[in-house]
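Just so it is clear, the structure is predicted and the values come from calculations on it, not from any experiment. Positions are given from 1, in the same order as the sequence printed here. Basis for what follows: all heavy atoms, side chains included, without hydrogens, waters or symmetry-related copies.
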Amino acid sequence: MTTLYSPGTLVYLENSEQGWVPAEVSSCTRGTEGTLTLVLKDEDGKETTVAGSSPSDLPHLRNPPLLESADDLATLSHLNEPSILYAVETRYAQRKIYTYSGIVLLAVNPFEPVPMYTPEIVKAYIGRSKGELEPHLFAIAEDAYAAMALDGTGQTIIVSGESGAGKTESAKLVMRFIAAPKSPALNSDKNSFVDGASQVEQQIQATNPILEAFGNAKTTRNDNSSRFGKYIQLLFDTNRQIVGARVRTYLLERSRLTFQSKTERNYHIFYQLCAGLPSQRLQELGLDSDYGAFHYLNQGGPSATELSDRDKFHATQEALGIIGIDDARQTSIFQVLAALLHLGNINVTQTRADAIIDDEDPSMLRAMEFLGVNASEFKKWTIKKQITTRSEKIVTTLTAPQAVGVRDSISRFVYACLFEWLVTAINESLTGKYGDAATRAETYIGVLDIYGFEHFDKNSFEQFCINYANERLQHEFNTYVFKLAQEDYVKEKINWTFIDFDDNQSAIDLMEGKLGILAILDEESRLPLGSDASFLQKLNTQLDKPANKAVYKMPKFANAAFTIAHYALDVTYQVDGFLDKNRDTVPEEHLTLLTSSSNPFLREVLDTALHRVGGEPADPPSPNGVVSKIPDPGRAGLVGTGRGTSVKKPTLGSIFKSSLGTLMDMLRMTNVHYIRCLKPNQHKRAWEFNPLQVLAQLRASGVLETIRISTAGYPSRWTFEDFARRYFTLIPWRDGPPLIKREQFKRLCVLIAQKTGMDKTKYQMGETKIFLRTGVLATLENLRSAKLNAVLFLQTNMRRLIAMKRYRHFQRSVLGIQSHWRGAVARKAFKEVRQKARREAEAAKAKKAAEAAAEREKKRKAKEAGKAASVNEQTSPEHGSPGKTKIRRMFSFGSKEKPTLALPDQPSPEPPLVGRRPSRLEAATKRLSRSWYDSDGSASASAARSKSPNHLAPPASSLPKPAWNASTSLLH
Ligand SMILES: Nc1ncnc2c1ncn2[C@@H]1O[C@H](COP(=O)(O)OP(=O)(O)OP(=O)(O)O)[C@@H](O)[C@H]1O
C-alpha cells in the first residue's frame with residue numbers, strides 16, 4: 001500500500017466543511033520501521049503532513065482522471081468514500097443525475113424538471129441492456145422487464161432514500177416506463193405510454209392523487225411527503241402484457257393525524273376538504289374554509305394556498321370517481337373525515353383527578369352524529385377505563401390527559417381504517433372485485449417506494465420502525481450483493497475463500513429477536529402499569545451486556561434514551577411515548593361502539609380494515625376458486641384493533657414486524673434492483689450539492705457498505721478482451737497486436753500481468769474474466785497514461801516537424817506564383833499605357849506639324865504679297881532689309897513656339913530604345929507615365945501638367961488603374 005505514494009500522487013484530505021478535498025503528495029519520506037511521512041498540498045497550496053504505516057493512517061488515493069467521473073462507481077480502482085462522493089458530485093455538476101454503483105442506481109434529485117423522460121428517451125431505452133446507454137431509471141426498469149420477460153421470474157425494484165430525495169417521483173417514472181409497450185407486436189393499445197397513457201396506466205395513475213391526498217402531508221423536508229411505505233405490483237400475463245396491479249401499503253404515520261409540529265401539516269385531504277367543498281356542504285358538515293378552528297389542523301404551520309388545495313380536491317374527487325367510488329360514497333368519506341375533525345375539538349376538562357366531558361359538547365354531538373355512535377356511551381368510555389382481572393371487571397376514572405389520549409387514539413384508529421379501506425378500493429379497481437387480474441397474472445414487477453434511514457435530534461418510535469425496516473432491507477441488500485459477487489467467482493472458477501463479512505445481523509437480532517427491543521416493548525405494552533421508564537429499565541438490564549456491546553449502548557448524557565449502532569450510524573432513541581405509540585389501539589369498549597355504528601359506511605370501513613388482521617389473504621378468493629400465483633407482499637394486520645386475548649393483543653410494533661417479514665420473504669423470491677435516491681441539499685435548491693449531506697446519505701443508503709464488501713474480494717473484473725485491448729500497449733509491440741489479431745486475449749492478459757510485474761496475489765484469471773483487487777487498475781492506468789504521454793510527446797513533435805516542412809515548401813511556392821503573376825499583370829498594364837501614350841503623342845505631333853505647315857503657308861503667302869508690294873515700293877525705307885528679318889526669325893529661340901525638326905506629312909519612324917538616346921517624344925512619354933504612376937494615382941504634378949495645352953498625358957480617369965500598389969516599383 002505504501003508503495004502507492006510518491007511525489008505527485010493524488011490523494012484526498014479530510015475537510016470539515018466539504019467532507020474531502022483533493023490534494024497532491026509533494027514529498028514522501030520512508031522511515032526505518034515502514035513509516036511513511038507524506039507532505040500534502042491541497043488546491044489552495046496549504047500543506048499538511050501525514051505519517052503512518054498502515055493504509056488507514058494514510059490519505060485515500062484518488063483515481064486516474066479516466067475513472068474519476070465513471071458512470072459506474074464499481075469500475076473505480078480506488079473504492080473509497082471520497083472517490084465515490086467526488087464522482088457523484090462531478091457528474092451532478094455536469095447535469096448527470098444518475099450514476100451506477102454496481103447493481104445500484106444512484107439518483108440525485110435535480111429539484112427542477114429535467115428533459116430526461118420524453119417519449120424519445122423512453123424509446124431509446126426500450127430493448128437496450130443496462131450499460132449500453134447513460135445510467136437512467138429507465139435502464140433499471142428495462143433490465144427488470146427483460147429479466148421478467150426472459151423466464152417469468154418476479155422482479156422488485158426498491159426505491160429508497162430520505163424524505164424529499166425523489167423516491168415517489170422515481171417510482172412513478174419507473175412504473176410509467178414499465179407500462180410502456182415493449183414491442184410493436186404488443187403495441188395494440190393505442191393509448192400507450194409513448195403516445196399517452198395506457199388504460200391500466202391511467203388506473204394506476206389515478207391511485208396517485210388518492211394516496212397522496214390521504215397519505216401525504218407537508219413536512220419540513222418535503223411539501224408532499226409520503227407518510228407511508230408503498231409496494232405497487234404490476235401484474236403481467238403470459239404475453240408479458242400488463243393485466244392489472246396491486247397496491248400494498250406499510251406503516252402509515254398515524255400520529256400526524258392528531259399532532260403536527262409548527263412547520264408541518266396534517267394530511268392534505270383535510271385542507272382540500274375545507275378549501276374545495278361548496279359552502280352549503282361545509283355548513284352541513286359543520287366545517288369552515290377557515291380550518292384554524294380545528295385542533296387537529298391548527299397546531300401546524302402555514303399551509304399551501306387555498307387555491308392549490310381546492311384544485312387538488314377536485315383532482316382527488318375525479319380520481320375517486322375513476323376507481324369507482326361514486327358521489328354517495330365520497331360524501332360518506334367526507335362525513336367521516338369531518339367527524340374526525342370534530343372529535344379533535346371535544347373539550348376534555350378535569351375536576352380534581354377526574355376527566356370531564358360536557359354531555360352537550362357540540363363537537364362531541366356532531367362527531368357522534370356523523371359516526372353513528374351513541375354520544376353518552378362514547379363519553380363514558382372516553383373518561384373511564386375498564387380493567388378486567390381474573391375474577392372481576394374494575395372501572396376507573398381517567399385523568400384529562402388520559403381521556404384526551406383515548407379520544408386521539410380513536411381518531412387515529414378510524415383514519416387508519418379509512419386509509420386501509422381506500423387501498424382495498426384501489427385494489428378492486430386495479431385487479432377486479434375478485435382479484436381477477438391477479439389470478440390471470442403469470443408474473444410481476446414490483447416497485448417498493450419506502451422511507452430511507454432516518455435520524456433527527458429527537459428520534460422516536462416512528463424512526464425506530466423506519467430504521468428497523470431499513471436495517472432489514474440493508475441485510476437483504478448485503479446478502480444479495482455478496483451472493484452475486486460470490487456467484488461470479490464460482491462461475492469463473494477462481495480460487496476464492498468465502499470471506500465472512502461483518503453484516504448487520506446483530507443489529508437486527510437486537511431489534512426483532514426473541515429477547516429484543518420489540519419483544520420487550522410488546523411485553524411492557526401489555527402490562528396495565530407498563531411505562532416508558534420501566535421499558536427503558538428492562539432494555540438496560542436485558543440488553544446492556546457484552547454480547548450486545550457493539551450494537552446496544554446506554555447514552556452518557558441522555559437519561560430516557562437508548563442508542564443502537566445501525567449499519568449507517570449510531571442513533572439515539574428517546575423512549576418517551578414508545579409505549580403509547582406501540583399500543584395505539586382503541587379500548588375494547590370503543591371498538592364495540594364503532595363496529596356497531598348506525599353508519600353503514602363506517603361499519604364497512606372497519607370491517608374491511610379489520611378483515612386484514614391475522615394474515616388473511618389480501619385478494620378475496622375468486623368465485624371459481626382460482627388462487628393467484630403471484631406472491632403477496634402482504635398487508636397482514638396493518639390495523640391494530642385491540643381485539644383478542646390480552647396475551648395476543650397485536651401492537652403496532654408486532655404488526656409492522658410481521659408485514660416486514662412477509663415483504664422480505666417475497667423479496668427473496670424475486671430478482672431485486674436498487675434505486676437509491678439522494679437529496680443534494682436540504683433547501684430543495686436546484687443543482688446545489690452539499691457534499692457532507694450527500695456523504696451522510698451514501699453511508700445511510702449502504703452504498704459505502706457494499707463497497708466495503710466489494711473491496712474484500714476482487715472489485716474490478718474485466719473480460720479478457722476488454723482488458724487486453726486496453727492494456728496491450730504496456731507490453732512490447734511485437735507481442736500485443738499479433739495476439740489481438742489472433743484473438744488470443746487470455747494469453748495477452750497473462751503477458752500483460754507478467755510484463756507489468758503485477759503481484760500474483762492481486763489478480764486471478766477466471767474463465768472469461770480477469771479479476772483484480774482494489775488499486776491494481778489504478779496502477780495499470782498510471783502506467784498506461786505514462787506510456788501514452790511519451791507516445792503523445794513523440795507524435796506531437798514529429799507532427800510539428802512535418803507540418804513546418806510542408807508549410808515552408810508551400811510558402812515558397814506561393815511567393816513564386818505571386819511574383820510571377822504580379823510581374824505579368826504589371827507588364828500588361830505598362831504596355832497598354834505606353835501604346836496609348838504613343839498613339840496620342842503621334843496624333844499631337846501630326847496636329848502640330850499641320851499647324852506649322854499652315855503657318856508656313858500663311859507666311860509664304862504673306863511674303864509673296866510683301867514681295868509684290870516691295871516691287872512697287874522698292875524705294876520705301878521703312879521696310880528695312882529683308883535679309884535681316886529672315887536671319888532674326890531663324891535664330892529666334894525666345895519664341896514660345898518650338899521649332900519642329902520633322903516634316904509634318906512625314907513622321908519620323910520610332911527608333912529602337914536600346915543603344916541610343918531616347919528621343920524627346922520618348923522622354924515625354926516616360927515623364928508622362930511617371931507622373932501617372934505617382935503613388936497617389938492622381939498626383940498633383942500630373943494635374944498641374946494637364947493644364948498645359950501641349951501636355952501629352954491622358955486624363956487621369958481615362959487611364960487604366962494599376963491593379964496593386966506595388967506596380968509603381970515594378971514599372972520603375
Ligand atoms: N426526477 C426528478 N426530476 C425533477 N424533480 C424531481 C425529481 N425527483 C424529485 N423531484 C423533486 O423533488 C420533490 C420531492 O420528491 P418526492 O416527493 O419524490 O420525494 P420522496 O423521496 O418521495 O419524499 P418523501 O419520502 O417525503 O415522500 C418533488 O416534489 C420534485 O419537486
Side-chain angles (χ1 to χ4, degrees), residues 229 250-251 254-255 409 453-454 459-476 503-555 558-567 570-585 613-615 634-665:
Y250 305 95
L251 197 70
R254 300 183 193 188
S255 58
S409 75
F453 191 85
E454 278 188 356
N459 300 292
S460 188
F461 181 71
E462 290 82 3
Q463 279 70 49
F464 176 83
C465 288
I466 287 171
N467 293 343
Y468 163 52
N470 276 280
E471 201 75 64
R472 294 224 35 191
L473 285 167
Q474 181 62 25
H475 184 73
E476 290 303 317
D503 70 356
N504 60 344
Q505 187 61 52
S506 46
I508 294 174
D509 290 343
L510 177 83
M511 296 170 99
E512 65 165 28
K514 270 192 182 160
L515 297 171
I517 297 172
L518 279 174
I520 297 172
L521 180 65
D522 274 1
E523 188 187 308
E524 202 59 22
S525 302
R526 281 186 215 112
L527 297 178
L529 295 176
S531 68
D532 294 328
S534 57
F535 163 60
L536 182 65
Q537 203 183 3
K538 277 193 182 158
L539 286 185
N540 289 339
T541 46
Q542 294 186 29
L543 300 177
D544 188 25
K545 46 190 181 192
N548 293 327
K549 210 172 127 222
V551 282
Y552 183 84
K553 295 169 193 170
M554 284 168 63
N559 288 331
F562 63 94
T563 302
I564 300 178
H566 288 288
Y567 70 90
D570 292 5
V571 179
T572 298
Y573 298 94
Q574 271 70 30
V575 286
D576 183 23
F578 257 62
L579 247 64
D580 277 349
K581 286 176 181 171
N582 187 45
R583 282 180 183 138
D584 203 35
T585 50
V613 179
R635 50 183 164 167
L638 288 183
V639 180
T641 61
R643 267 184 175 171
T645 68
S646 60
V647 182
K648 292 211 167 164
K649 197 172 184 175
T651 56
L652 216 60
S654 62
I655 292 166
F656 189 57
K657 181 181 160 189
S658 110
S659 56
L660 212 53
T662 324
L663 177 68
M664 296 303 142
D665 290 344

- Note on the structure: d(Met554 CE, Leu539 CG) to nearest 0.5 Å is 10.0 Å
- Query: Of the non-hydrogen atoms in Ala560 and Leu536, which two are nearest, and what is the gap between them?
  - Reply: CA-CD2, 3.6 Å
- Query: Which pair of non-hydrogen atoms, one from Cys465 and one from Leu251, has the smallest distance, and what is that distance?
  - Reply: CB-CD2, 3.6 Å
- Item | Verdict with reasoning, Thr651 to Asp522, per side chain to side chain donor-acceptor pair (under 3.5 Å) | CA-CA 7 Å; Thr651 56; Asp522 274 1; 2.5 Å; yes
- 4.5 Å side-chain heavy-atom contact, Leu515 and Ile520: no
- Over 12 non-hydrogen atoms of neighbours within 6.0 angstrom of CD in Gln537: no
- Query: Does the Gln463 side chain pair with the main chain of Ser460, one donor and one acceptor, at a distance under 3.5 Å?
  - Reply: yes
- Can you find a heavy atom in the side chain of Leu473 that is under 4.5 Å from one in the side chain of Met664? yes
- Query: When rounded to the nearest 0.5 angstrom, what is the spacing between CG in Leu652 and CZ in Phe578?
  - Reply: 12.0 Å
- Item | Close side-chain approach of Ile517 and Ile564, heavy atoms under 4.5 Å | yes
- Does any N or O in the side chain of Asn467 come within less than 3.5 Å of the main-chain N or O of Glu454, such that one atom is a donor and the other an acceptor? yes
- Exercise: identify the closest heavy-atom pair between Gly530 and Arg583: O-NH2, 3.5 Å
- Query: CG of Asp532 to CZ of Phe461: how many Å apart, nearest 0.5 Å?
  - Reply: 11.0 Å
- Message: For Tyr573, run the ring-ring contact (aromatic ring centres under 6.0 Å, His included) check against Tyr552, Phe535, Phe464, Tyr468 and tell me which one passes.
- Response: Phe464
- Identify the heavy atoms of Ala565 and Lys553 that sit nearest to each other, and give their distance. CB-NZ, 4.2 Å
- Message: In the structure I gave you, are the side-chain heavy atoms of Lys538 and Glu523 within less than 4.5 Å of one another anywhere?
- Response: yes
- Hey, what do you get for CG (Leu521) to NZ (Lys581), rounding to the nearest 0.5 Å? 11.5 Å
- Item | Beyond-backbone contact of Phe453 with Val571, side-chain heavy atoms, under 4.5 angstrom | yes
- Over all heavy atoms of both residues, which pair between Leu518 and Gly653 is shortest? Give the atoms and the distance, please. CD2-CA, 4.0 Å
- Message: Pair Glu512, Arg472 - check side chain to side chain contact (heavy atoms under 4.5 Å, CB included), show working.
- Response: CA-CA 10 Å; Glu512 65 165 28; Arg472 294 224 35 191; 3.0 Å; yes
- Task: For side chain to side chain contact (heavy atoms under 4.5 Å, CB included), just list the numbers for Asn470 and Tyr567, CA-CA rounded to whole Å, side-chain angles, deciding distance to a tenth of an Å, and then say yes or no.
- Result: CA-CA 9 Å; Asn470 276 280; Tyr567 70 90; 4.0 Å; yes
- Item | Pairwise distance CG(Asp509) to CG(Asn548) - rounded to 0.5 angstrom | 9.0 Å
- Which one of Thr572, Asn459, Asp570 satisfies the side-chain hydrogen bond (donor to acceptor under 3.5 Å, both in side chains) criterion with Thr563? Thr572
- Query: Can you tell me how far CG of Leu543 sits from NZ of Lys549, rounded to the nearest 0.5 angstrom?
  - Reply: 16.0 Å
- Query: With side chains defined as the heavy atoms from C-beta onward, is the minimum distance between Glu524 and Leu579 less than 4.5 Å?
  - Reply: yes
- Considering non-hydrogen atoms only, spot the tightest contact between Gly513 and Ala519 and give its length. O-CB, 3.8 Å
